[in-house]
Amino acid sequence: MRKTIEADEPWWKLDLQEVWAYRHLVFLFSGRSLATMYKQSILGRAWFVIQPVVTAGMFYLVFGLLMRVPTGGMPYLLFYMSGMVLWYLFTNVFTQTATSLSGNVNLYGKIYFPRLVLPLSYVASGLVLFGLNLVVLVAFWILFRLRGAPLAVRPGILLMPLAVAQVVATGLGFGLCVAAATVRFRDAKFLLPTLVQFWMFATPIFYSTSQVSPAVRKLVWLNPMAMPVEFFRHGLSGMNPVGLEAMLPAVLVTAVVLVAGLFWFNRAQRDFIDIV
Amino acid sequence: MRGETSISIEGVSKRYQLGSVARLNLPAAVSRWLGRRPAEPAARLDVPLDEREFWALRDVSMTIGAGESVAFIGANGAGKSTMLKILSRITPPTRGRVEINGRVGTMLEVGTGFHPELTGRDNVFLNGAILGMSRREIESKFDAIVEFSGVGRFLDTPVKRYSSGMYVRLAFAVASHLEPDVLIVDEVLAVGDAAFQRKCIERMKTIARAGDVTVLFVSHSLANVKMLCGRCVWFDSGQVRMDGETEAVADAYLQAQSVWKVEAPIHERTDRKGDGRWRAEHAEMRYDEPAGRWIFQLDYAAEAAEVEEPALVVGIHRSGVPGDCATVLDSRCMGGLPARIPGRGRIHVLLPRDVAFAPGEYFCDLTCMAGNGVVGNYAFSDQLKAAFSFKVGPGAVFGWDRLPLTSAVMHVRQDWTVEERA
């Protein structure tokens, strides 16, 4: 194994092979964050199940009983939960990746491993938490189905992993861009919570795109998180199918941002330790 | 592996920018992002360019062979740690290039990446992986790591419950058991209690002596450097000042580093303390070749015709190490001086024939005292730090052909006999 360290490494040189060599570290890091999440709480690992159930109950209370928004026939609880489950996955990956450089200066200042390992570990642990949420969601889905809710199983449900992939790619891509930006422009850090909040309202979680006027809807589809949420709901209920006019912009925006994020992050991570 | 080049460093420089670099300077940021030019700090005309940047390394080149153990020494800020950081890829060089053959293991700090909530066992795996070990490797070394650390009983306890000593022991155990081709170690051995430090040094010695690992070692302890490394590189303001055999480089470094310096001949010195009842005018330590013994000599002068209850203390220090006293000549111990001495005179102290100073440079403090009326109590008459120095060459130790390998500052003559036992 021969390694050359150059003063000026070209920005397009992404050493993905090295990331692959460190893949077991990705899983160790994600295992670490999952293992330590509920350490020393009395209920311990039960929280992994309690958390999504309690959240679902809260949604039901607020959005199912107090404020009723038209959902196109989908049970309220399922409607909100399906949106929130994906949104949690997104914020998990996005916010953690965005702070992965500036938040780990101590670690990176003492040891080298590919900086992409931490963001990827957030994806892995985010997916595990998403899986647990999904189990609760499916349990409710079955319950509603047994009680006679109009939930049809369509072939679209098989494509749901693609919606999840879109969410992860969006979170990762934008997260990498913000992480790279915070290296020189620390201000980005303070904008992050506001940005996430604004983004949440711009995403059809508490409403459906079918309620939005067609002109605005075009704008909504530019939000790469809107499509997967609606797509996911369609898979669960068989209602409101999502067409190509929604998919194309979302996939395109995410692909561009993810690629740009990878290169920008790669460039920023090289000397960020001297700047942060 | 031996004979091959392990690391080749070609013209490496490293620049740090001082002051704020977080200022939003859009044109500069854009051109930087496009990679068109090296990052320039935001223009501030009121500060000259050379004050806004700091070159931690300037055009450093060297080649390190496989299996070599090399120490980097130098004052704080000389660039040795920056060099280690570049070699371990924590920070990139500003200019130049480095080529490294093989896997690099870094120990810049013990316990980096330890998670307080995780058990000792989990942390061994996590830390090992961060340091570049594969899962299988860690599993195969697990028992050795636990054995070395001596925290076996607490393996399933979260490390936040560990004492700091246990924490450090486990961390060093993990780091020292990874077997890279190049091991980079910054001053991490100065942790833990004395027994564990010795164990760490032993472990490092084993790694260094095995010869299949290239070891780069930064330390301020020259004793450790001499023990571990055959080659030594002395960094001074970002440049290599000397590169060669450890003994030679370390000695040259000590000389230059010495906080002891004889400012002026004794009679010209003004930085003296004391009431001046009697003062040193000239002092020396010389080796009397025919007699085969060291002799200390002091010329003094007093205000009065006689000095009552005089006492003299000569502290002899090995160069470079403040507080490290080789020996002390003290007139009060053996009734060395009479109750009265003449107002002008010369004091001689003869050292026994069977004692010799080890080669090196020595600095002597002088303290002339006189009784202050209370029995056994003295007042300073004249005190001088680093009043004079003397050098000892390698031949001055009883004409011995070879000297014992030790950091001892004095040697004693010795007679050896053997007899048969029944």
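Here is how names work: the chains are called A, B, and so on, in the same order as the sequence lines, proteins then strands, and each is numbered from 1.
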Task: Ring centres under 6.0 angstrom apart (B/F217, B/F72) - done: no
- [ ] Go through the atoms of A/R115 and report whether side chain, backbone, both or neither lie under 4.5 Å from a heavy atom of chain B.
- [x] side chain
TODO: Check whether B/L87 gets within reach of chain A through its side chain, its backbone, both or neither, counting any heavy atom under 4.5 Å.
DONE: backbone
- [ ] Could you check whether the rings of B/Y162 and B/F154 sit parallel, tilted or perpendicular, using 30° and 60° as the cut-offs?
- [x] perpendicular
Open item on the list: I want to know whether B/Y16 and B/W55 have ring centres closer than 6.0 Å.
Closed with: no
Task: Centroid-centroid distance, B/F142 to B/F125, less than 6.0 Å - done: yes
- [ ] Heavy atoms only, distances under 4.5 angstrom: which of B/K160, B/K85, B/R135 has the most pairs with chain A? Name it, please.
- [x] B/K160
Task: Which portion of B/T94 sits near chain A, non-hydrogen atoms under 4.5 angstrom - done: backbone
- [ ] Name the member of B/T106, B/L84, B/T91 that forms the most heavy-atom pairs with chain A at distances under 4.5 Å.
- [x] B/T91
Task: A/F272/A/Y108 aromatic ring centres below 6.0 Å - done: yes
TODO: Using a cut-off of under 4.5 Å on heavy-atom pairs, state which of B/P92, B/A129, B/G128 scores highest against chain A.
DONE: B/P92
Open item on the list: Can you tell me which of A/R32, A/H24, A/E9 forms the most heavy-atom pairs within a distance under 4.5 Å of chain B?
Closed with: A/R32
Open item on the list: For A/F90 and A/F130, I'd like to know if the aromatic rings sit close, meaning centre-to-centre distance below 6.0 Å.
Closed with: no
